[in-house]
There are 2 protein chains.
Amino acid sequence: MKSADAIVCLSALGQEGRLAVFRLLVKAGPDGLPAGKIARRLDVLPNSLSANLNVLANAGLVASRREGRSIIYTADFAAMSTLLNFLMADCCNGAPEVCAPLAGVVSSAAACCPPVKVKAPTRKKVSA
Amino acid sequence: MKSADAIVCLSALGQEGRLAVFRLLVKAGPDGLPAGKIARRLDVLPNSLSANLNVLANAGLVASRREGRSIIYTADFAAMSTLLNFLMADCCNGAPEVCAPLAGVVSSAAACCPPVKVKAPTRKKVSA
DNA sequence: TTCATACTTCGATATTCGTGGAAATATCGA
DNA sequence: TCGATATTTCCACGAATATCGAAGTATGAA
């Protein structure tokens, strides 16, 4: 993931309305929600919501499909994963103790996601 | 973490200059970097950098300490961890396979951070 | 066709944000 | 004290962004 892509994602999520939409879609899971229902649940105007959904879609964080008159939006978990990985990259070059606080992320993620066989740590060398 | 706090963090990181600064500080580790060195490395004006550092500090993502004439900035890994946890919250209510893509985050984090026996840290405490 | 529903796009406005010049503050050495 | 270095604050301006009404497009039903 390029830094520019991350910026698009982060600034997309860094706004009240859009973060609320995204989190709602994350909770909704793969079935997603139609735009109208999102607007009603969050009590926002449909055109404002549409603009925000566009920003999220542009960032690749949500996908959409038409179903009859409705357009169903879903969170893109893979994109989310890519973003999180980007944010965690280079966090402790050669010094694991440095990012020990991030261990909490690991445990909570482990509690949430299926267990994964951990590969041998490939630690990058620091080029300061 | 409140949603409002997450928005402050995300929008702070969702800008080219600030993301570059933050990532540089993350790589720099706990020793951090003086503002002047950051400005020279990223080739930005010192006042622009100062404004951006203010935004990051306001979001709690960086801390600063004075050292002689310099002011040293460091990334706050705990804040980063809190943000990541917030983003991963509620990602798979009752359906673990939903966020399987996020498993990649877990494995890469495990490769980076200390072993996941988070209950009681086996490593010795690091003193700066 | 005609109408109603579900969303989106357009256009204007108000606000926020990023940038850079100039001045101010803080620290240190002579 | 004076001057140099390091960084911040102040201020103004152009660009980007959020918001909202109004109009437009797509779908399905009568």
Side-chain angles (χ1 to χ4, degrees), chain A residues 3-25 28 31-76, chain B residues 3-25 28 31-76:
Chain A
S3 190
D5 302 325
I7 289 164
V8 172
C9 284
L10 290 167
S11 59
L13 293 175
Q15 198 254 4
E16 191 179 354
R18 286 194 294 267
L19 183 60
V21 169
F22 184 72
R23 280 169 63 82
L24 186 60
L25 288 176
D31 292 341
L33 288 172
K37 190 162 235 172
I38 300 172
R40 260 172 274 126
R41 284 236 206 138
L42 300 178
D43 191 30
V44 293
L45 292 176
N47 53 354
S48 294
L49 174 67
S50 189
N52 281 334
L53 284 169
N54 251 328
V55 175
L56 288 170
N58 207 344
L61 290 167
V62 304
S64 62
R65 65 178 193 274
R66 178 174 279 276
E67 224 167 72
R69 265 174 283 198
S70 294
I71 296 184
I72 315 286
Y73 284 87
T74 52
D76 189 323
Chain B
S3 189
D5 302 324
I7 290 164
V8 172
C9 285
L10 290 166
S11 59
L13 293 175
Q15 199 255 3
E16 191 178 355
R18 285 193 296 266
L19 184 60
V21 170
F22 184 72
R23 281 167 64 79
L24 185 61
L25 288 177
D31 293 342
L33 289 172
K37 192 163 233 172
I38 300 173
R40 259 171 274 124
R41 284 239 201 137
L42 300 178
D43 191 31
V44 293
L45 291 176
N47 53 351
S48 294
L49 174 67
S50 187
N52 280 334
L53 284 169
N54 250 327
V55 174
L56 288 169
N58 209 340
L61 290 166
V62 305
S64 62
R65 66 178 192 273
R66 178 174 282 276
E67 224 167 72
R69 265 173 284 199
S70 295
I71 296 185
I72 314 286
Y73 284 87
T74 53
D76 187 324

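These values consider heavy atoms only, across backbone and side chains, with no hydrogens, waters or symmetry-generated copies. Proteins get letters first, then strands, A, B, ... in listed order; numbering begins at 1 in each.
- Listed nucleotides: C/dT8, D/dT8, D/dT19. Nearest to the side chain of A/Tyr73: C/dT8.
- One can place CD1 of A/Ile71 at 12 Å from C1' of C/dT9, the figure rounded to the nearest angstrom.
- In this model, the phosphate group of C/dG20 is approached by a side-chain N or O of B/Ser48 to a distance below 4.0 Å at OP1 or OP2.
- By the 4.0 Å N-to-carboxylate-O rule, A/Glu67 lies close enough to A/Arg65 to be salt-bridged with it.
- The residue among A/Ala51 and B/Gly36 whose nearest nucleotide of DNA chain D lies closer to the 5′ end is B/Gly36.
- Of all nucleotides present, only D/dC2 satisfies the Watson-Crick or G-U wobble test against C/dG29, with each distance under 3.5 Å.
- One interatomic measurement links the two molecules: CD of B/Gln15 to P of D/dT17, which rounds to 11 Å at whole-angstrom precision.
- In this entry the distance linking CZ of A/Arg66 with P of C/dA6 reads 12 Å, nearest Å.
- Screening B/Leu53, B/Leu56, B/Ile71 for a side chain to side chain contact (heavy atoms under 4.5 Å, CB included) with B/Ser64, the sole residue that qualifies is B/Ile71.
- Partner of B/Val21 under the side chain to side chain contact (heavy atoms under 4.5 Å, CB included) criterion, chosen from B/Leu24, B/Leu25, B/Leu19: B/Leu25.
- Following rounding to the nearest Å, A/Arg65 (CZ) and C/dA6 (C1') show an atom-to-atom distance of 15 Å.
- Judged by closest nucleotide on DNA chain D, B/Ala35 is the one of A/Glu67 and B/Ala35 placed further toward the 5' end.
- One can place CG of A/Asn58 at 14 Å from P of C/dT8, the figure rounded to the nearest angstrom.
- Atom NZ of A/Lys37 is separated from atom P of C/dT5 by 17 Å (rounded to the nearest Å).
- What separates CD1 of A/Ile38 from P of C/dC7 is a distance of 9 Å, to the nearest Å.
- Separating the CD atom of A/Glu16 from the P atom of D/dT17 is a distance of 18 Å, rounded to the nearest angstrom.
- In this structure, A/Arg18 reaches the D/dA18 phosphate: one of its side-chain N or O atoms is under 4.0 Å from OP1 or OP2.
- You'll find that the side chain of B/Arg69 is closest to D/dT5, out of C/dT8, D/dT5, D/dG21.
- For D/dT7, the OP1/OP2 oxygens have a side-chain nitrogen or oxygen of B/Ser70 closer than 4.0 Å.
- In terms of polar N and O atoms assigned as donor or acceptor, the side chain of B/Asn52 never comes within less than 3.5 Å of the base of C/dG18 in a complementary pairing.
- Closest to the side chain of A/Leu45, from the set C/dG20, C/dT8, D/dG21, is D/dG21.
- The partner of C/dA22 is D/dT9, by the rule that a Watson-Crick or G-U pair needs both atom distances under 3.5 Å.
- Under a 3.5 Å cut-off, the side chain of A/Ser48 and the backbone N or O of A/Val44 do not form any donor-acceptor pair.
- At C/dA23, none of the side-chain N or O atoms of B/Asn47 fall inside 4.0 Å of OP1 or OP2 (strictly under the cut-off).
- Under a 3.5 Å cut-off, the side chain of A/Arg66 and the backbone N or O of A/Gly68 do form a donor-acceptor pair.
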